[in-house]
Asker: 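Dumping the structure here so I can ask a few things about it.
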Amino acid sequence: MVTFILLITLFISSLFSLVYATNLTPYAGDAWQSAHATFYGGSDASGTMGGACGYGNLYSQGYGVNTAALSTALFNSGKSCGACFEIKCANDPRWCHPGSPSIFITATNFCPPNYALPSDNGGWCNPPRSHFDLAMPMFLKIAEFRAGIVPVAFRRFEQLSLFFALFFCFRVLLPFINFLFR
């Protein structure tokens, strides 16, 4: 019984710690910045597996198709691996989906420069250009396939939200407690 009370106390204190750490105000995010986006990896994103960040199979690691390779300017020598970004297509009514829906991606790969091509005609990931090479399913959520490349607005998503804190509690802590009492 003492063990049970200790575990419940641990769970409740963890929950309060996570909620306190997540700032309950709505997420305002960093300032929006400009970049461009293309896509790679095919319609099932299988070509995006592995990558410079070393995450391996992105499906089994929980990232799914919500991933992107970052240009040199954004990749920051690998320091941006695992960073989350909110991205939306911007200022191109011909190719952007109406209403500019946002997507949230995790940086899992590096988009290498192609110095043989100019940065405005094929060398999309050349420095100092900010560029996201999105998994194809994510690109298709914000723009038409035929566009190939679109201007985007992006901001880094740095705070945990209350949703993620609760998700952590219910997906990690509760199963652990259930495991202990089997």
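Keep in mind that this is a model prediction, so the values were computed, not measured. Reckoned from all heavy atoms, side chains included, excluding hydrogens, waters and symmetry mates.
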Asker: Do you reckon Phe132 sits in the same ILVMFWY cluster as Phe157, going by side-chain contacts under 4.5 Å, direct or chained?
Answerer: no

Asker: Does any part of the side chain of Thr48, heavy atoms only, come nearer than 4.5 Å to the side chain of Asn109, both counted from C-beta?
Answerer: no

Asker: Output all residues satisfying side chain to side chain donor-acceptor pair (under 3.5 Å) with Ser46, sequence neighbours left out; order by chain, then residue number.
Answerer: Asp44

Asker: Taking the side chain as every heavy atom from C-beta outward, state whether Pro112 and Cys125 have any atom pair closer than 4.5 Å.
Answerer: no

Asker: What closest approach, in Å, do Ser34 and Ser130 show between heavy atoms, and which atom pair accounts for it?
Answerer: O-CB, 4.0 Å

Asker: Of the non-hydrogen atoms in Gly82 and Tyr55, which two are nearest, and what is the gap between them?
Answerer: N-OH, 3.1 Å

Asker: Going by side chain to side chain contact (heavy atoms under 4.5 Å, CB included), name the residues that satisfy it together with Asn57, two or more places apart in sequence or in a different chain.
Answerer: Met49, Tyr59, Ser60

Asker: Hey, can you pull the donor-acceptor pairs under 3.5 Å for the side chains in residues 61-76, sequence neighbours left out?
Answerer:
residue, atom, partner, partner atom, Å
Asn66, ND2, Phe104, O, 3.3
Ser71, OG, Arg129, O, 2.8
Ser71, OG, His131, N, 3.0

Asker: Is any side-chain heavy atom of Trp32 less than 4.5 Å from a side-chain heavy atom of Lys88?
Answerer: yes

Asker: Could you list the cluster mates of Ile149? Members are the ILVMFWY residues connected by side-chain heavy atoms closer than 4.5 Å, either directly or through other members.
Answerer: Trp124

Asker: Quick check for you: to the nearest 0.5 Å, what is the distance between Ser119 atom OG and Asn126 atom CG?
Answerer: 5.5 Å

Asker: Who passes side chain to side chain donor-acceptor pair (under 3.5 Å) against Asp92, sequence neighbours left out?
Answerer: none

Asker: Going by the rule ring pair (Phe, Tyr, Trp, His ring centres under 6.0 Å), which residues pair with Phe139 if we only count those two or more places apart in sequence or in a different chain?
Answerer: Phe39

Asker: Name all residues meeting the ring pair (Phe, Tyr, Trp, His ring centres under 6.0 Å) criterion together with Tyr40; count only those two or more places apart in sequence or in a different chain, and write none if there are none.
Answerer: none

Asker: Not counting sequence neighbours, list each pair that qualifies as a side-chain hydrogen bond (donor to acceptor under 3.5 Å, both in side chains) and has a residue in residues 95-107.
Answerer: Glu86-Ser102, His97-Glu144

Asker: Tell me the closest heavy-atom pair linking Pro137 and Ser43, and the distance in Å.
Answerer: CG-O, 3.3 Å

Asker: Holding to side chain to side chain contact (heavy atoms under 4.5 Å, CB included), I want the full list of residues that pass it with Ile142, two or more places apart in sequence or in another chain.
Answerer: Ile87, Cys89, Ile103, Leu134, Val152

Asker: Could I get the full list of side chain to side chain contact (heavy atoms under 4.5 Å, CB included) partners for Pro128, not counting sequence neighbours?
Answerer: none

